[in-house]
Participant: 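Let me begin by handing over the structure; questions about it come next.
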Amino acid sequence: MTVRRFAISFDEDLARAVREAARDEPISAWLAQAARRRLRAEGLASVVREWEERHGEITPEELAQAERAVRRKKGRSKK
């Protein structure tokens, strides 16, 4: 795996918060994981936008139905 280095700067409050959140983990590893999560979230948001463009806005009832389905699936997977 090729590794690229970045030089980044944070204001003092953000730097402190990152250090605290990373705890004993190397800050670069913590930031890489945060970047991965952000990229996945943006990818999911893109999929949702595309779906809504084709099918219309997702309704509150559809969201509630999806949440119930996820809860049911999680309940089955714990057994």
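Quantities reported herein were computed from a predicted structural model and do not represent experimental measurements.
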Participant: Any chance you could pull the hydrophobic cluster mates of Val18, using side-chain heavy atoms under 4.5 angstrom and chaining through other members?
Facilitator: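 Phe6, Ile8, Phe10, Leu14, Ile27, Trp30, Leu31, which link up through side-chain heavy atoms under 4.5 Å apart, make up the rest of the cluster.
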Participant: Salt-bridged, Glu50 to Arg54, with N to O below 4.0 Å?
Facilitator: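 Here Glu50 pairs with Arg54 in a salt bridge, since their nearest N and O are under 4.0 Å apart.
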Participant: Taking CD in Glu25 as the centre, count heavy atoms belonging to other residues, nucleotides or ligands within less than 6.0 Å. Is the count above 12?
Facilitator: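 It does: Glu25 CD has more than 12 such atoms within range.
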Participant: Determine, for Glu42 against Arg38, whether the closest basic-nitrogen to carboxylate-oxygen distance falls under 4.0 angstrom.
Facilitator: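 Yes, this pair counts.
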Participant: How many angstroms lie between CZ in Arg49 and CD in Glu52, if you round to the nearest 0.5 Å?
Facilitator: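 Between atom CZ of Arg49 and atom CD of Glu52 there are 9.5 Å.
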Participant: May I ask you to list the residues sharing a hydrophobic cluster with Leu44, side-chain cutoff 4.5 Å, ordered by chain and number?
Facilitator: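 Traced through the cluster, Leu44 reaches Val48, Trp51, Ile58, Leu63.
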Participant: Under 4.0 Å between a side-chain nitrogen and a carboxylate oxygen: does that hold for Lys74 and Glu67?
Facilitator: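 Salt bridge: no.
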Participant: Going by the rule side-chain hydrogen bond (donor to acceptor under 3.5 Å, both in side chains), which residues pair with Glu57 if we only count those two or more places apart in sequence or in a different chain?
Facilitator: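 Partners of Glu57 under the side-chain hydrogen bond (donor to acceptor under 3.5 Å, both in side chains) test: none.
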Participant: Would you name the heavy atoms of Asp11 and Asp13 that are closest together and state the gap between them?
Facilitator: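 Between these two residues, the closest heavy atoms are OD1-N, 3.1 Å.
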